[in-house]
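Encoded as structure tokens, the structure appears first; notes follow it.
Values below: every heavy atom of this structure, side chains too, minus hydrogens, waters and symmetry copies.
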Number of protein chains: 2
Amino acid sequence: MLKVNETKTPQTVADHAQIVRPHPHCAHHIKGDDCRVCQVRPLGICAVLEPDEWATIEQISQTVPFAERDTLVSETDDCTHFYSITAGVARLIRHLPDGRRQVMGFALPGDFLGLSLGKAWSFSVEAITPMTTCRFARHAIVQLVDQKPHFLMRMHEMASAELNLAQDHMVLLGRLTAEEKIGTFLLEMRRRWARIDGHTSQNVPLPMGRQDIADYLGLTIETVSRTINQMQRARHLVIVPDGIRLMDAAYFEHLSPSV
Amino acid sequence: MLKVNETKTPQTVADHAQIVRPHPHCAHHIKGDDCRVCQVRPLGICAVLEPDEWATIEQISQTVPFAERDTLVSETDDCTHFYSITAGVARLIRHLPDGRRQVMGFALPGDFLGLSLGKAWSFSVEAITPMTTCRFARHAIVQLVDQKPHFLMRMHEMASAELNLAQDHMVLLGRLTAEEKIGTFLLEMRRRWARIDGHTSQNVPLPMGRQDIADYLGLTIETVSRTINQMQRARHLVIVPDGIRLMDAAYFEHLSPSV
DNA sequence: CGCCATGTTGATTTCTATCAAATTGAGTGG
DNA sequence: CCACTCAATTTGATAGAAATCAACATGGCG
């Protein structure tokens with residue numbers, strides 16, 4: 001088992017991750033307050049920082065763990081803190097008054113919550129797996145952004161990338177069939193994991209449940225389940241614990257109109 | 001080009017809706033290279049500039065008009081110029097290889113094309129009405145952003161607002177019914193026109209065609225037509241030339257889950 | 001006046017949602 | 001270790017909302 005750092009990371013996180021989590025990034029524990037060993041630094045907001053700026057960030061950050069199902073932020077909350085995800089997966093979600101939900105996206109290691117720098121959240125963030133985050137007070141980041149234009153530029157780049165993804169997703173929601181939605185989603189998850197761990201594997205971890213996938217793709221849980229199982233019957237993929245294994249890349253790339 | 005007449009106050013949306021062009025901003029042509037008379041300056045990217053900075057902007061901008069159906073930028077183009085819209089309406093659109101389209105949004109006066117500052121466009125922009133734009137070379141804006149952090153901050157604010165709208169739209173596309181989509185769209189357009197002309201009118205100009213509305217809402221043209229006409233039969237609205245008139249605000253606000 | 005794009009309306013189909021039930025499987029406690 | 005429980009998932013039957021297919025109407029414009 002990985003050594004847990006001295007700052008009291010809950011035992012449950014490590015235990016759970018070792019046992020049931022399929023993906024290494026759900027298991028790695030990183031000292032969010034020691035940038036030198038931060039494994040997501042090259043991916044995240046901090047990638048733009050020079051080593052001599054790490055101390056600045058460390059002073060304004062805290063490592064904050066969350067358990068599965070914890071709510072990191074609620075869409076009704078004021079935004080007092082920002083989060084950089086160092087381990088685990090969360091869903092970004094909007095709730096309608098009548099109980100309908102739309103999952104805006106999934107936050108993976110390296111992702112930053114609060115790119116808009118605004119005073120209010122516009123979505124809730126709920127932990128899907130045990131998580132570790134690097135937390136920043138909003139005022140500290142606002143100050144940093146004022147002082148370091150290249151940091152603001154990095155924020156803007158990441159927000160722009162996010163906007164681009166949102167537009168991809170609008171095409172998916174508005175114009176793709178259920179089969180195309182699922183196929184595109186699986187390729188998207190493979191690409192995102194590959195960016196994190198540097199490998200392109202046929203195995204695509206899916207830490208989120210079927211209901212989350214449905215609410216992300218604008219489908220029902222039954223349609224998600226049926227479609228994935230049809231793909232398995234057609235030998236395009238194999239369902240494995242906590243994910244799927246892509247068996248027929250050509251099929252998925254043909255299915256995904258944007259590729 | 002029409003000369004701007006400072007003494008003449010623009011006609012309201014309501015006035016114009018009864019006649020030909022539904023909105024004054026579709027007809028008025030503004031000297032984009034004279035910031036003193038720019039009618040969209042308080043709305044757009046330039047709102048953050050001090051009067052002594054107007055000269056800087058004027059030096060790097062050109063007024064460029066477009067005719068109806070012109071393509072301002074193509075999704076395959078490199079991004080050499082940015083545009084601030086001073087008059088007219090455009091659609092932001094993505095095309096799938098098989099001809100399906102998703103309209104990402106409509107660009108109205110005050111909107112800026114190129115908020116991401118990236119080197120490539122991710123959508124096409126097509127003029128729905130005759131347009132006037134203020135065009136900037138990309139390198140000039142990049143330089144400006146480097147020199148003036150408050151300009152970058154303004155870009156970031158506007159991009160964040162855009163991201164927020166994109167997320168609203170994901171909820172709409174993923175989880176609303178056809179009736180809710182149409183109702184939400186009409187309220188959105190009313191709100192956006194109100195921001196531009198300062199009036200809240202029951203008349204909502206719709207310079208875009210039914211097909212554009214359909215491709216924006218993830219519906220077919222037939223469903224859009226049917227739904228709007230059902231709303232008219234139910235006396236919730238009246239279809240007028242180039243738009244609609246909302247007759248039953250309570251109905252629409254009840255229909256739109258986010259309000 | 002007639003043409004062509006745009007919009008409307010009607011009939012029918014289809015995809016996905018809904019409703020309902022069975023199955024799996026991880027966690028719990030005897 | 002195994003029965004039990006509860007949530008998540010899968011599967012089946014049916015319904016329904018919107019798409020599709022097909023005319024038909026409108027209206028701006030040469």
Value in whole Å for how far the C1' atom of C/dT6 lies from CD1 of B/I228: 13 Å
Sugar-phosphate, base or nothing in reach of A/R233, heavy atoms under 4.0 Å: sugar-phosphate
Residue pair B/T177 / B/E180, side-chain donor-acceptor N/O under 3.5 Å: yes
Whole angstrom value for the distance that separates C1' of C/dT6 from CG of B/D215: 14 Å
Under 3.5 Å: donor-acceptor pair, side chain of A/Q202, backbone of A/L246: yes
A/R69 side-chain proximity, nearest of D/dT10, D/dA7, D/dA18: D/dA7
Expected rows: protein N/O vs nucleotides 23-30 of chain D N/O, under 3.5 Å:
none

Plane angle bin for B/H236 and B/F252 - parallel if under 30°, tilted between 30 and 60°, otherwise perpendicular: perpendicular
A/R192/A/D197 ion pair, N-O < 4.0 Å: no
Rounded distance (Å) that lies between atom P of D/dT9 and atom CD of A/Q230: 17 Å
Please enumerate all protein N or O atoms sitting under 3.5 Å from an N or O of nucleotides 19-22 of chain D, with distances to 0.1 Å.
unit_1	atom_1	unit_2	atom_2	d
D/dA19	OP1	B/T220	N	3.4
D/dA19	OP2	B/T220	N	3.3
D/dA19	OP2	B/T220	OG1	2.9
D/dA19	OP2	B/T223	OG1	2.4
D/dT20	O4	B/R226	NH2	2.9
D/dC21	N4	B/E222	OE2	3.0

d(CD1, A/I239; P, D/dT9) in whole Å: 11 Å
Value in whole Å for how far the P atom of C/dG7 lies from CD1 of B/I213: 8 Å
Note: B/R175-A/D215 ion pair, threshold 4.0 Å (strictly below): yes
Backbone N/O of A/L43 and side chain of A/R195: donor-acceptor pair under 3.5 Å: yes
Donor-acceptor side-chain pairing of B/T71 and B/S74 below 3.5 angstrom: no
Any side-chain donor near an acceptor of the partner, A/Y216 and A/E188, under 3.5 Å: yes
Separation of atom CD in A/E179 from atom P in C/dC15, rounded to whole Å: 11 Å
Between D/dA7 (C1') and A/Q211 (CD): distance, integer Å: 12 Å
Atom-to-atom span, CD1 of B/I182 to P of D/dA17 - whole angstrom: 16 Å
Under 3.5 Å: donor-acceptor pair, side chain of A/T132, backbone of A/P65: no
Under-4.0 Å side-chain N/O to phosphate OP1/OP2 contact, B/N229 with C/dG7: no
